[in-house]
Amino acid sequence: MNSKPSRISYLTSGIIKENPTLILMIGLCPTLATTVTARDALGMAAAASFVLICSNIAISAIRKLVPDSVRIPIFIIIISTFVTIIDYVMQAYQPDLYRVLGVFVPLIVVNCIILGRAEAFAYHHGIFDSFLDGLGKSLGFTLVLFIMGSLRELFGAGTFFGSPVLPAAYRSAPMLFAIFPPGAFLLIGLLKALVNKLGWGR
Amino acid sequence: MKDSRTWMVLSLFITCLISAFALSQIYNLTLPQIEYQRNVAGLKAAFGTVMPEADRFEPATPDSSVWLAFKGETRIGSIIKTAKQGYGGPVPVTAGVDLQGRIVAIKVASAAEGLKETPGLGLKATEPEFRDQFRGKTAAEIRLTKDGGTIQAITGATITSRAVTDGVRETLEKYREMLILQQEPDSEQ
């Protein structure tokens, strides 16, 4: 159609059509590992979103100055700077969450979504467009993490954000499988199947 | 100019410089809060169950096996940490001690915290039935009944029980001077 895709599509495409976890199938490691409860999942999503949006903006801002040959090391320095910032901030103000997420906070550095967007989008687009792209992909990532975390917490513990929702009889003997790693694999498989069935990835 | 060799080196250098500067600023900004979480909130969570009244803890030995517990500015007791070899590995125990050298409460690390004792036997050391026996005891009394003391061992888990009692007693004796600040009041003798 028109040569330049509309700006709003940068934002919306990341949520469903190019959802990073369910369609592009990247960033699966935190999706599986940090979604034991809805709260942990949202904490992880917030940290990764902060890094993705900030690094997209920063990389887009300096893209005309960055030599092609050393762009990857420069991206990685920028990304790891933001990761370290969120690491310190979380340690200082959300110590419980930090304890739960543990090594997965520093591991945001190697989250493929972030380097992927830097390389594929922010390096070639303006600041505002890169911000929209980062926001859209973050929302898509957050959505999947939230669904995973909510379902696993609901079935695995009978609670939602720590407050009981299922009857006490279920909570005393919940489906523990859901909060173990195999449960995460099964659930992401089911979600992917659902998305394919709905034909979201066009 | 963008792809010249000089700029290639320089651009990386500048990126690192800015990044290092930003991180040092953030580090200084968050450091007091991180220290606070570690020293106050974190320690309170770890030691609160064995010394509920204390609101501040300070390490007293370089290996942090003894901590002084304060309420406001007043010293109200100490925390000792020990990890004597049990059946499957070391058995980490945290104990609160009052100023007369009596145990306030003890806490045995749970399986999730790295205790490797047998489920159903040694793991019972974490349960109140065993732990509560230590309340109010002094070093001389902390020994299994079969060793001539007053602590009833867990059935089938003598080695774990002994690791807890001996660990606590030996640490109490080793740091005796540091722990006991008040003599036993006469009326209680």
Side-chain angles (χ1 to χ4, degrees), chain A residues 36-37 40 43 47 50-51 54-55 57-102 105-106 108-109 114-115 118 122-124 156-157 176 179-180, chain B residues 1-49 54-57 59 64 67 92 94 107 109-115 119-120 123 127:
Chain A
V36 172
T37 68
D40 299 349
F50 168 82
V51 175
C54 291
S55 67
I57 293 174
I59 286 162
S60 162
I62 60 163
R63 70 186 189 283
K64 297 211 170 86
L65 295 170
V66 175
D68 265 348
S69 45
V70 293
R71 67 183 193 286
I72 301 285
I74 288 183
F75 293 168
I76 297 202
I77 293 166
I78 293 173
I79 293 167
S80 51
T81 305
F82 285 118
V83 171
T84 314
I85 291 175
I86 197 74
D87 188 86
Y88 285 154
V89 170
M90 211 181 240
Q91 216 174 325
Y93 299 101
Q94 290 290 328
D96 295 335
L97 190 62
Y98 184 79
R99 229 165 282 138
V100 176
L101 297 181
V105 178
I108 296 174
V109 174
I114 294 165
L115 189 60
Y123 193 49
H124 309 288
L176 281 176
I179 54 174
F180 293 147
Chain B
M1 169 268 198
K2 187 183 154 184
D3 287 310
S4 78
R5 195 160 294 184
T6 329
W7 179 240
M8 192 176 96
V9 176
L10 207 61
S11 66
L12 255 180
F13 177 72
I14 295 170
T15 316
C16 292
L17 208 65
I18 296 173
S19 159
F21 178 76
L23 284 183
S24 69
Q25 293 301 309
I26 295 282
Y27 179 76
N28 285 329
L29 220 63
T30 51
L31 188 65
Q33 185 66 21
I34 292 175
E35 298 259 284
Y36 169 82
Q37 296 290 4
R38 264 191 212 139
N39 295 341
V40 183
L43 288 176
K44 208 161 157 54
F47 296 157
T49 49
D55 50 25
R56 194 164 58 84
F57 302 94
S64 50
W67 295 71
T94 314
K107 189 178 96 177
S110 68
E113 290 161 332
L115 185 64
L123 269 191
E127 292 174 6

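Values reported hereafter were calculated over all heavy atoms of this structure, with side chains retained and with hydrogens, waters and symmetry mates removed. Just so it is clear: chains get the letters A, B, ... in the order the sequence lines come, proteins before strands, and each one is counted from 1.
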(message) For a quick test of reading the model, state the closest non-hydrogen atom pair linking B:L23 to A:T81 and the distance between them.
(response) CD2-O, 3.6 Å

(request) Find the distance between CG (B:L31) and CD (A:Q91) and round it off to the nearest 0.5 Å. (result) 9.5 Å

(message) So does A:A92 get a backbone contact from the side chain of B:Q37, meaning a donor-acceptor N/O pair under 3.5 Å?
(response) yes

(message) Can you tell me how far apart CD1 (A:I85) and OG (B:S19) are? Round to the nearest 0.5 Å.
(response) 8.0 Å

(message) Please identify, among A:F82, A:Y98, A:Y93, the residue contributing the most non-hydrogen atom pairs under 4.5 Å to chain B.
(response) A:Y93

(request) Could you have a look at A:T84, A:D96, A:I78 and say which one has the most heavy-atom pairs with chain B under 4.5 angstrom? (result) A:T84

(request) Please determine which of A:I74, A:I76, A:L65 meets the side-chain contact (heavy atoms from CB on, under 4.5 Å) test together with B:T15. (result) A:I74

(request) With the side chain counted from C-beta on, respond yes when A:I77 and B:L12 share a heavy-atom pair under 4.5 Å apart, and no when they do not. (result) yes

(request) Under 4.5 Å heavy-atom distance to chain A, tell me which part of B:Y27 shows up: side chain, backbone, both or neither. (result) both

(message) Quick check: closest heavy atoms across A:S69 and B:M8, and the distance to 0.1 Å?
(response) OG-SD, 3.2 Å

(message) Looking at B:W7 and A:V66, would you say the former's side chain and the latter's main chain have a donor-acceptor pair under 3.5 Å?
(response) no

(message) Please find the pair of heavy atoms, one from B:I34 and one from A:Y88, that lie closest to each other, and give the distance.
(response) CD1-O, 3.7 Å

